[in-house]
Structure formats: C-alpha cells, structure tokens
Student: 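Take a look at the following structure, please.
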Amino acid sequence: MKPKTLPTLAALAVLSLVPAVRSQDPVEAPEAGQEGTEAKPAQDAIQRDEHGVPKDTEMKTTGTGLKYCVLRAGAEGAAKPKVGDYVKVHYTGWLTDGKKFDSSAGRSPFQFEVGRRNVILGWDEALQLMPVGSVFKLVIPPDLAYGEMGNPPVIPAKSTLVFEVELLEIVPVPEFRPLDDTKTKTTDSGLKYQVLQEGKGDAVVDDDILTFKFAFFSADGKLIDWTGSPQWAGRGGVGNGICGKMRLQFFNEAFVLLRPGSKCLFQVPAALAFGEAPPPGLPVKKGEDTYWELEIVGVKKPLPVPAFAMPKEDDLKKTESGLKYVVEKAGDPDAPMATFGSKVKVHYAGWLTNGTLFDASYKTAEPLEFEVGLSPVIKGWHEGLQLMRKGAVYTFVIPHELAYGEQGAGGVIPPKATLVFRIELLEVTPLK
C-alpha cells in the first residue's frame, strides 16, 4: 500500500516486540542501509598469510575438537561471556583454502546470545573462552559448524572453517525491578508509573515522532523483549513510532507523560496492552499486567503535508506508459538527473484521486531513500524519478497498471486505483 515497505510493530505498536526466529548461522546480514560501527583491524601486529588469514600463535584444542589461538589478549581481568549473555563481535571467516566467505567489515558489529544455538556450536563454545577486547583465531571442525551438508553454495559439505573473532563487549541484559510504591503514580486508566530519570525540554505530544528504547517483562518478571537484543540490531537498537498512533494503547498514554531523555517504569494493565487475546507466541497470559521500562532517545516534529490538488487534465504531460505528470518546480539545470541505479532521497505524499491521503514521508520527517529501477517501489515511481533533477518537485498521476494493479493493496489502495503523488527530489547519488 506504500511506495516502500516500512517496518511495522506487528500486532503491537510500530516495530515487532515478539522475539524473532533467529538464524543458526554465525552471522545475520544487516538490513540494507544499516549504519553502525565498522569493523576495524586489530591494533596489534597480527601476522597474516597471502589470503589475509591470521597465522597461528599457540594453538590449543578443546575436548570437542575446537581449535583456537589468542591473537590479541583482552585487558587483564576482563570478563568472559557466560551462557545467556549477549555479545557484540566483529569477525571474518575463511575456508581452509583461504577463500573468505563472510566478514562484518563495513557493517555493524554482530550481536547474539551466547550458548542458545543462535550461531554455530563452535562459536558458542569459543566465545565463552574469550575475554572482552580479545581477538582469537578459531579453527572449527564440521561437526561444530555446518556438518555433513555444509551451507550451500557458500560452505561446502564437511567444511572446516577458520574465523578471526574480536569480542567487543558483553551487552548488559535488563533486569526486572518492581515499582517502588512510594514513588509510583497512577493515571485514570490504571497505568502505574515511576520516573527513574527526568527528561528535559517540552513534554511529548501527539504526532511527535519518537525514537525510544524499551525493556518488556511479563508479570512474573521474565524479560520478553528489549531494544538491545539482536533482533533489534538492524533497527539501530531503538524503536520508532508516532505518538498517539501506536497500536499499543499504553504507549500513546505513556509517552505523553515523558520528555526527551526521560526514563520510566510502567506497570501496564492488560486492557492497555494485549487484553484478553495476546498475540500467538507472545509469552504473556491473557488479562495479566506487563512491565515496561521506556526511555525516550529522540523527538522530532512532523513536517506539514502539502495540500492536495488534483492536476487539471490540460496541464498534464503523458508518457508512453500512461504515466502523467506536472512539473511543480524544475530542478537546477546543472544538478544531476536521477537515472537507473541512482540512489535518491525524496519526500513524498500520496493520495487517492478523491483527495484521501494514504501515506506521506512528511508525517515522519524522514525522507525515503532507494535506488531508481532497483528498489521495491511501484513502477510509476521508477519511471517518474528518471524525469527529475535534484531539487525538482513533480506531481504524478499514476494509473493502476503502474501502481498496485487490479488488486490494490492493504485495504487502503482500492482495486484499479489511480494514485496521485507529490514527489520532492532532495538528493541524487549517481550509480558508480
């Protein structure tokens, strides 16, 4: 229903709070465009062969057949991970012939829970031997990696794998703490809260665009989800949402009690959260309270959405495909045009022909970035952008054949709907 696929909070708010099914692989590739701390070469002089594979130091072998050697020791007395700890690492992996098959170089550190079979067995064992700050070389036999079958087409059958792994940090896991009755306030709806940290600035209001962290516990104090967990790493370790428009009712009530930088504990009645029918797979009993720790990381104000105006037919230009458009503002004639493969950044608003607004980047104050001709947006966008230069503003009238077709989309776009988009081309990065 939208020209892009936005992450959604499943049946909850804005992003999924239900723990995701995790990979058995040693790595999980980040989402496209994810930013983070890039892998950096170890500062110590690690000796390497012609493939970049670290040369052995004193190699040791465990009872399982895992081989490892220390390339760089961690700080004296540095902690080692235990089963259940979350860790962040950088790594590179090679086959025994020196062929590199994966690396976190240029990506965010890889994060996972140790000892829970979220990675190959050799990693689960090795990380428990490593102090924070250390770099190990691992030689992992097939039975501790991908076994008899391998992981085609990258990992051949019965492959021994070689890894260089740097343990960056052990990520603290939130601990449950009940509200202090002497410091707790209760709203008219029954929401109880305790301020842990006062924020600054103006109080949050409806339509504010929020970036926040959370930890979510069941009534018996079990941690269910938190923004520091691996499944949130690809989203920057934060949740995002528009105050007043989140699916969990308590979010909309809770956030207006806070200011930027605020941190609060909440005891949430079921009626304000999951009610009598929690989503399948969520370990919450119907009708029970849940506990949340919320922290506001950032607040932005939405941008004004342009007013709808259906272009007059005589003003429209038409391409062979049936795409129609009006040039509201021509870009700088010396500015680059968007071409196939260009990375562009745009603001947009989309309406049905009756003026019903169904989507707008202005509401989130976040421009959309994508690659022309390559990214999953509607055909009319791919064609229309290639008519534009940086700085241009066009209104497009897009027939259903170049939009969502015979079926429409998401209950918002009717079948065979013609769509009207106002697109403002902010930036163009040519294909290299």
Side-chain angles (χ1 to χ4, degrees), residues 7 15-16 19-44 46 52-54 66 68-72 74 78-95 99-140 144-146 150-151 154-155 159-174 213 223 225-239:
L15 295 169
S16 177
V21 177
R22 302 175 192 152
S23 171
Q24 295 291 321
D25 297 349
V27 301
E28 293 176 353
E31 295 181 359
Q34 176 185 339
E35 298 178 354
T37 305
E38 294 189 357
K40 298 178 180 178
Q43 296 302 309
D44 296 353
I46 296 173
V53 180
L66 171 70
Y68 70 95
C69 61
V70 179
L71 302 176
R72 187 181 73 200
K80 297 179 180 179
K82 307 181 299 297
V83 171
D85 283 343
Y86 289 84
V87 295
K88 288 183 179 180
V89 304
H90 271 313
Y91 67 91
T92 301
W94 298 267
L95 303 178
K99 180 180 179 181
K100 183 167 68 175
F101 61 84
D102 195 15
S103 176
S104 64
R107 304 200 307 240
S108 294
F110 175 51
Q111 184 175 338
F112 66 98
E113 187 178 7
V114 174
R116 303 300 192 198
R117 295 297 306 273
N118 297 320
V119 293
I120 57 176
L121 290 171
W123 272 44
D124 271 335
E125 180 180 354
L127 264 294
Q128 296 176 64
L129 304 172
M130 298 180 64
V132 172
S134 64
V135 181
F136 277 30
K137 177 180 178 180
L138 311 178
V139 181
I140 303 178
L144 298 180
Y146 294 96
N151 189 17
V154 178
I155 309 296
S159 287
T160 293
L161 305 180
V162 180
F163 284 97
E164 177 182 343
V165 179
E166 179 180 9
L167 176 56
L168 302 173
E169 64 176 298
I170 299 173
V171 181
V173 177
K213 295 181 180 180
L223 178 65
D225 198 9
W226 59 300
T227 44
S229 66
Q231 56 264 38
W232 287 85
R235 297 162 180 160
V238 293

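Residues take their numbers from the sequence shown, with the count starting at 1.
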Student: Please identify each residue that fulfils salt bridge (charged side-chain N to carboxylate O under 4.0 Å, His left out) with Lys100, with sequence neighbours left out.
Tutor: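 Here no residue qualifies.
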Student: Would you say that Phe163 contacts Val139 through its side chain, given a criterion of any heavy-atom pair below 4.5 Å between the two side chains?
Tutor: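 They are not in contact (no side-chain heavy atoms under 4.5 Å apart), so the answer is no.
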Student: Listed by chain and number, what are the side-chain contact (heavy atoms from CB on, under 4.5 Å) partners of Ala79, not counting sequence neighbours?
Tutor: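 For Ala79, the residues satisfying side-chain contact (heavy atoms from CB on, under 4.5 Å) (neighbours in sequence not counted) are Ile170.
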Student: How many angstroms lie between atom OG of Ser229 and atom CZ of Phe112, to the nearest 0.5 angstrom?
Tutor: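 Separation between the atoms: 14.5 Å.
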Student: For Tyr146, does its backbone N or O pair with a side-chain atom of Asn151 as donor and acceptor, under 3.5 Å?
Tutor: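 No; zero donor-acceptor contacts below 3.5 Å.
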Student: When you look at Trp123 and Asn118, which way does the side-chain hydrogen bond (donor to acceptor under 3.5 Å, both in side chains) test go after all the steps?
Tutor: CA-CA 9 Å; Trp123 272 44; Asn118 297 320; over 6 Å; no
Student: Identify, with sequence neighbours excluded, every residue that meets salt bridge (charged side-chain N to carboxylate O under 4.0 Å, His left out) alongside Asp85.
Tutor: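 Testing Asp85 for salt bridge (charged side-chain N to carboxylate O under 4.0 Å, His left out), a comparison that skips the adjacent residues, returns Lys82.
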Student: Taking side-chain contact (heavy atoms from CB on, under 4.5 Å) as the definition, give me every residue that meets it alongside Val154, ordered by chain and number, with sequence neighbours left out.
Tutor: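 Val154 satisfies side-chain contact (heavy atoms from CB on, under 4.5 Å) with Phe101 only.
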Student: Hey, what do you get for OG1 (Thr227) to CZ (Arg235), rounding to the nearest 0.5 Å?
Tutor: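 Result: 11.0 Å between the selected atoms.
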Student: Taking all atoms of both residues into account, what is the closest heavy-atom pair of Asp124 and Glu113, and its distance?
Tutor: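 Looks like OD1-O, 4.1 Å.
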Student: Taking side-chain contact (heavy atoms from CB on, under 4.5 Å) as the definition, give me every residue that meets it alongside Leu144, ordered by chain and number, with sequence neighbours left out.
Tutor: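 Scan of Leu144 (side-chain contact (heavy atoms from CB on, under 4.5 Å), adjacent residues dropped) gives Thr64, Leu66, Leu121, Glu125, Ile140, Pro141.
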Student: Do Val162 and Leu95 pass the side-chain contact (heavy atoms from CB on, under 4.5 Å) test, and can you show the C-alpha distance, the side-chain angles, and the key distance before you say yes or no?
Tutor: CA-CA 6 Å; Val162 180; Leu95 303 178; over 6 Å; no
Student: Might you point out which heavy atoms bring Tyr86 and Pro230 nearest each other, and give the distance in Å?
Tutor: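 Scanning both residues, the minimum pair turns out to be CE2-CD, 3.1 Å.
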Student: Which heavy atom of Val171 sits nearest to which heavy atom of Gly228, and what is that distance?
Tutor: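 That would be CG1-O, 4.3 Å.
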Student: Which heavy-atom pair separates Pro81 from Leu127 by the least distance, and what is that distance?
Tutor: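 Of all heavy-atom pairs spanning Pro81 and Leu127, the closest is CD-O, 3.1 Å.
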Student: In chain order, what residues pass the ring pair (Phe, Tyr, Trp, His ring centres under 6.0 Å) check against Trp94, with sequence neighbours excluded?
Tutor: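 Once residues adjacent in sequence are excluded, Trp94 has no partner under the ring pair (Phe, Tyr, Trp, His ring centres under 6.0 Å) criterion.
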Student: When you compare the side chain of Val87 with that of Gln111, does any pair of heavy atoms fall below 4.5 Å?
Tutor: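 In short, these two side chains do not touch, never coming nearer than 4.5 Å.
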Student: Output the distance between atom OG (Ser104) and atom CG (Leu168), rounded to the nearest 0.5 Å.
Tutor: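 Nearest 0.5 Å value for the OG-CG distance: 8.0 Å.
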Student: Got Leu138 and Val165 here, is their nearest side-chain heavy-atom distance under 4.5 Å?
Tutor: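 Leu138 vs Val165: side chains touch.
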Student: Hey, could you give me the CD/CG distance between Gln128 and Leu167, rounded to the nearest 0.5 Å?
Tutor: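 Taking CD in Gln128 and CG in Leu167, the distance rounds to 11.5 Å.
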Student: What residues form a salt bridge (charged side-chain N to carboxylate O under 4.0 Å, His left out) with Lys213, not counting sequence neighbours?
Tutor: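 By the salt bridge (charged side-chain N to carboxylate O under 4.0 Å, His left out) rule, Lys213 matches no residue at all.
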Student: Who pairs with Lys137 by side-chain hydrogen bond (donor to acceptor under 3.5 Å, both in side chains), at least two apart in sequence or on another chain?
Tutor: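 side-chain hydrogen bond (donor to acceptor under 3.5 Å, both in side chains) check on Lys137 returns Asp56.
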Student: What is the minimum heavy-atom distance between Gly74 and Pro131, and which atoms define it?
Tutor: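 In terms of heavy atoms, the two residues are closest at CA-CB, 4.4 Å.
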Student: Counting only N and O atoms by type, is there a donor-acceptor contact under 3.5 Å from the side chain of Arg72 to the main-chain atoms of Gly133?
Tutor: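 Checking the backbone N and O of Gly133 against the side chain of Arg72, a donor-acceptor pair under 3.5 Å is found.
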Student: So do Val132 and Ser134 actually touch side chain to side chain, heavy atoms under 4.5 Å?
Tutor: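 No, side chains not in contact.
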Student: Checking Thr92 now: which residues fulfil side-chain hydrogen bond (donor to acceptor under 3.5 Å, both in side chains) with it, not counting sequence neighbours?
Tutor: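 Listed in chain order: Ser103.
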